[in-house]
Amino acid sequence: MNIPDHILSKVDENLHNKKKHPIETVKKIIYDCFPDFSRFDDISPKVAVRSNFDDLLIPKNHVSRSLSDTYYVSDDVVLRTHTSAHQTEMLKNGEYSFLVAGDCYRRDEIDSCHYPVFHQIEGVRVVESVVDIESDLKSNIELVIGSLFGDCQFRMRSHKFPFTQPSWEVDVFYNGNWLEVLGCGIVHYKIMKSCGLEGSSAWAFGMGLDRLAMILFDIPDIRLMWSSDERFIGQFDGSIKKFKPFSKYPPCNKDISMWLGDSFCENSMNDIIRGMSGDLVESVSLQDTFTKDGKTSNCYRVVYRSMDRSFTNEEVNNMHISCVELIKSKIDCVVRE
Ligand code: PHE
């Protein structure tokens, strides 16, 4: 429905299962924190809308369900937007302590730490006694953070997820900054009930693997994760190692200004640019916006830069012209020449 080919082609990549890849290494460190949990890491990312949203009590009108945020395979199948999509199915199948790792998909902005495909790991544990569930969650979070970051400060900030209550986001103090690393909480009683577990309680956490790998390995651009260049992939041996950058090629900036139509969708424009440039786009950022006679004009800066080669002016110009042509024909806007 709204899934471009360059996204569909990622469905079989499974970076989280690729030996010695930084994302796989991070996954394994987390696996090792939970030796007696069942592990699932080859479940298809094509999931029912019900599993991804309804079963998790995500309201019908929640923005995350919209075509501008989520990739729809059909009216009732999406590319999962988080590994929580497997929570209820697992619980119903009688899994009481499990980890699910997998590729997740969200339409999003373009910059060095966002990519429409990313990886998450979910951990869930059902306990009989309700009394100490929060402290059990906290000590397990502490364990995961300790294995990833060593001895460092972390904080649990109260947060809201529709499927957990209470919920927290967890930040780690690393290299002088607070970094958000995971979301967690106590599984909502309505979900426990729908899985036939009303007598028990459960905690759950979900964390993104790509950004963790970027931080721990000093990887400056998320597109590198998808590189098969030996200068990247050949640097890793299954343990945490600082990435040694190979030369960065010069960027090339192109601006595009447009009057926006009523159904203008920025993420659709981003998909067109990403698809057309085959990952040569480094970022798309709004430079300027103004409204005149009730019409809004946006100017975007598109930065093109290859991770592994330099390119000619002509090549970038042609690519940009093709992007603009496709935007003109597919996006509700009038490009200002
Ligand atoms: N699924 C949530 C996300 O993607 C994370 C989460 C998992 C939160 C489990 C609470 C419990 O942001």
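Atom set for the values below is all heavy atoms of this structure, side chains included, hydrogens, waters and symmetry mates excluded. Order of listing sets the numbers, starting from 1, for every ligand and every atom in it.
- Of all the heavy atoms of Phe163, the ones lying under 4.0 Å from any atom of ligand 1 belong exclusively to the side chain.
- At a cut-off of 3.5 Å, with distance as the only test, no side-chain donor of Asp103 or His119 sits close to an acceptor on the other residue.
- Between Phe236 and Phe217, a ring centre-to-centre spacing shorter than 6.0 Å is recorded.
- Under the side chain to side chain contact (heavy atoms under 4.5 Å, CB included) criterion, Lys292 pairs with Trp259, Phe290, sequence neighbours left out.
- At least one N or O atom of Ser84, backbone or side chain, sits closer than 3.5 Å to an N or O atom of ligand 1.
- With a 4.0 Å heavy-atom cut-off, ligand 1 is reached by the backbone of Cys184 but not by any atom from C-beta on.
- Between Arg106 and ligand 1, at least one pair of N/O atoms sits closer than 3.5 Å.
- Between Phe243 and Arg231 the shortest heavy-atom distance is CE1-O, 4.5 Å.
- Considering only non-hydrogen protein atoms, atom 6 (C) of ligand 1 sits nearest to Gly183 O, 3.7 Å.
- Near Gly206, the atoms of ligand 1 lying under 4.0 angstrom from a non-hydrogen atom of the residue are 6 (C), 7 (C), 9 (C).
- Of all protein heavy atoms, the one lying nearest to atom 12 (O) of ligand 1 is Phe161 CE2, 3.9 Å.
- Side chains of Trp203 and Asp136: a donor on one and an acceptor on the other come within 3.5 Å.
- Remark: ligand 1 and Gln120 share an N or O pair separated by less than 3.5 Å (distance only, no angle test).
- The closest protein non-hydrogen atom to atom 11 (C) of ligand 1 is Ala204 O, 3.6 Å.
- Checked by atom type, the side-chain pair Gln153/Tyr174 shows no donor-acceptor distance below 3.5 Å.
- Closest protein heavy atom to atom 9 (C) of ligand 1: Glu122 OE2, 3.4 Å.
- Backbone and side-chain nitrogen or oxygen atoms of His82 are examined, and one is located within less than 3.5 angstrom of a nitrogen or oxygen of ligand 1.
- Taking the side-chain hydrogen bond (donor to acceptor under 3.5 Å, both in side chains) definition, one finds that Ser306 meets it with Asp308, sequence neighbours left out.
- Between His82 and Phe163, the gap from one ring centroid to the other is short of 6.0 Å.
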